[in-house]
Amino acid sequence: MTGRPRFYLTTPIYYVNDVPHIGHMYTTLACDVIARFKRLDGYDVHFLTGTDEHGQKVQKAAAAAGVAPQEFTDRVSANFRALAALMNFSNDDFIRTTEERHHRACTVLWERLAERGEIYLEKYGGWYAVRDEAFYAESEVVTDGEGRRLAPTGAPVEWVEEPSYFFRLSAWQQPLLDFYAAHPDFILPPARRNEVISFVEGGLQDLSVSRTTFDWGIPVPDDPAHVMYVWLDALTNYMTAAGFPDTDGETFRRWWPADLHMVGKDILRFHAVYWPALLMAAELEVPRRVFAHGWWTNEGQKISKSLGNVIDPHALVERYGLDQVRYFMLREVPFGQDGDFSHRAMVGRINGDLANDFGNLAQRVLSMIGRNCGGRVPIPSAFSPDDRALLEAARLLLERMRAQVDRQVLHGALIDMWEVIAAANGYVARQAPWTLRKTDPARMQTVLFVCAETIRRLAVLAQPFMPDSAGRMLDQLCVPADRRTFATLDTDHALLPGTALPAPAGIFPRYMVRDAATPS
Ligand code: MSP
């Protein structure tokens, strides 16, 4: 066991009724960036993702595909693993709710709740939306122009009447409100926190936690006519992967409670209300944070299979490049808000931020070093105030980005980074090393050294967002593999003057705009 601080973060587990699209990719990408950032910053990280395989929605999708649910989930779950490979996600575990370890965890959590009198048997009569796998109160249901009854999410609801176990959620209203008050950063961004608090203040009803009209789920202990409600089953995955039910074990003690559950805004209520209430009721620790991000639309339209505008991450990566897609998704939209995907915006970011700003900086500096310094790391002499100002801005960047990442302000971390890139480009223009080559070659070496050192820091800090491209930039500067963590940023000789460098090669190519007129 390591003495390093730990960080446990999770994505939602994805329903296997569908092929992965950019919405799913987005949640995991955000977690991947945070996981990589934390690892480079010295944390022992456990990064979990996986698939949510039980419930009526998946059972229906399997039936529609004409295969048994297990065979169906095996097939679709594999698509989410393939997505992780495609996107260079660095998850440490991939959980499937059909695994035996999870079955055990759910059974024990149920028993803990039952032993504490938190679950009772009754009859449920109410509205249910299979698409959301959620129950809705009469007051929430609306009727559309065609007389169909819909949940506030737009999902059709059906009337359900069946025997059901209930969780005494209503008893947890005040403890939840007290918990939110004592942990002001439990729910982020703050606007979402306020929404959750008003919802809880409005009063909580007991929650139906079992179903009897289908069987694709984990049976209720001692009453196998019931399967557990799929959200109770799904939320428990976060503990399964942390070693539950072995609460005395080293694994659970190390990893629970989770530091961060990353979720989309549509599933915040499950994570910020039901989940902490269930955990408190079972006398288990509550996670430290739930962050809700926004939703993507496609060229202004809601993304949906029926509209036929689902964006396939494979096609995007093939067209624009992996790190370009990773960068775009996290830079284009303030993390936490809704955003719109458009090919024009993608091309703008690739050619502006990546090719012109960052790519050009590296390319210009490295080729000047190649041509004018014999292809070796330049040898600096005394630094001027302008040199020092840039070096200092680059040095302070880690702290600024760390503060942003710690509050999941991922676009903010990139904005901070691009401020330093802009400062470096301004510095190059002011210092004009191409002129110094003739007038003052020693000064030129100093200027190019300051640039190379700034690029080194930028590339180290860019690794979580664009691991391949940043890695190639560091290769071009001959930064050894063991000098790429944040702790080594300030070590001497990370950039050793006089070291022979490889011939520079462009890292962020321009995207030819004429191709953008015909999006795939
Ligand atoms: N299975 C549940 C989660 C259980 S977690 C204990 C579920 N799955 S999901 O596959 O429907 O959605 C998973 C995630 O994808 C959610 O965080 C959701 O917000 C995200 N997205 C799905 N479509 C999206 C967009 N169009 N835009 C951004 N994210 C979206 O919910």
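Both ligands and their constituent atoms are indexed starting at 1 by order of listing.
- For atom 23 (N) of ligand 1, the nearest non-hydrogen atom of the protein is H21 CE1, 3.3 Å.
- Shortest contact from atom 22 (C) of ligand 1 to any protein heavy atom: W295 CZ2, 3.8 Å.
- Taking distance alone, with nitrogen or oxygen atoms compared against 3.5 Å, Y26 stays at or beyond that limit from ligand 1.
- Residue, atom and distance of the protein heavy atom nearest to atom 6 (C) of ligand 1 are Y238 OH, 3.5 Å.
- Heavy-atom neighbours of E318 CD from other residues, nucleotides or ligands within 6.0 Å: at or below the threshold of 12.
- Taking the six-membered ring where the residue is Trp, F270 and Y274 present perpendicular rings, their angle passing 60° and hence far from 30°.
- Using a 4.5 Å cut-off on side-chain heavy atoms (C-beta onward), V273 and Y180 make contact.
- A cation-pi arrangement is present between R211 and Y128, with the terminal nitrogen or guanidinium carbon under 6.0 Å from the aromatic centre and inside a 45° cone about the axis.
- Aromatic ring centres of F335 and F291: separated by under 6.0 Å.
- At least one heavy atom of H271 sits less than 4.0 Å from an atom of ligand 1.
- Considering backbone and side-chain atoms together, I13 places an N or O closer than 3.5 Å to an N or O of ligand 1.
- Residue contacts with ligand 1: W296 is placed with a nitrogen or oxygen under 3.5 Å of a nitrogen or oxygen of the ligand (distance criterion only).
- Under a cut-off of 6.0 angstrom, the local environment of CZ in R407 is sparse, with at most 12 non-hydrogen atoms contributed by other residues, nucleotides or ligands.
- Summary of contacts: the protein heavy atom closest to atom 31 (O) of ligand 1 is I267 CG2, 3.6 Å.
- Interface of H24 with ligand 1, defined as ligand atoms under 4.0 Å from a residue heavy atom, comprises 10 (O), 15 (O).
- Less than 4.0 angstrom separates some heavy atom of P12 from each of these atoms of ligand 1: 3 (C), 5 (S), 17 (O).
- Atoms of ligand 1 found under 4.0 Å from any heavy atom of D266, numbered from 1 in the order shown, are 18 (C), 19 (O).
- Residue F270 does not touch ligand 1, judged by heavy-atom distances below 4.0 Å.
- Ligand 1 does not have E133 within reach: every non-hydrogen atom of the residue lies 4.0 Å or more from it.
- Y14 CE2, 3.6 Å is the protein heavy atom nearest to atom 14 (C) of ligand 1.
- Near G294, with a cut-off below 4.0 Å to any heavy atom, the atoms of ligand 1 are 28 (C).
- Near D52, meaning under 4.0 Å from any of its heavy atoms, are these atoms of ligand 1: 1 (N), 2 (C), 4 (C).
- Note on D92 versus R39: salt bridge recorded, some NZ/NE/NH1/NH2 to OD/OE distance being below 4.0 Å.
- Below 30°, between 30° and 60°, or above 60°: for Y320 and Y511 the angle between ring planes is between 30° and 60°, a tilted geometry.
- The N/O atoms of Y15, backbone and side chain alike, include one that comes under 3.5 Å of an N/O atom in ligand 1.
- Looking only at protein heavy atoms, the nearest one to atom 24 (C) of ligand 1 is G23 CA, 3.5 Å.
- Using a 4.0 Å cutoff on heavy atoms, H293 counts as a contact of ligand 1.
- Atom CG of D144 has more than 12 neighbouring heavy atoms from other residues, nucleotides or ligands inside a 6.0 Å radius.
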What's the verdict on salt bridge (charged side-chain N to carboxylate O under 4.0 Å, His left out) for E419 and R400, showing C-alpha distance, side-chain angles and the deciding distance?
-> CA-CA 11 Å; E419 265 181 40; R400 294 174 66 194; 3.0 Å; yes
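- Just one of D259, D406, D32, D44 meets the salt bridge (Lys or Arg N to Asp or Glu O under 4.0 Å) condition when paired with K38; it is D406.
- With a 6.0 Å radius and a threshold of 12 heavy atoms from other residues, nucleotides or ligands, R104 has its CZ atom at or below the threshold.
- Note: an N/O pair closer than 3.5 Å links G264 and ligand 1 by distance alone.
- For ligand 1 and A234, the ligand atoms under 4.0 Å from any heavy atom of the residue are 6 (C).
- Side-chain N/O atoms of R101 and N237 include no donor and acceptor closer than 3.5 Å.
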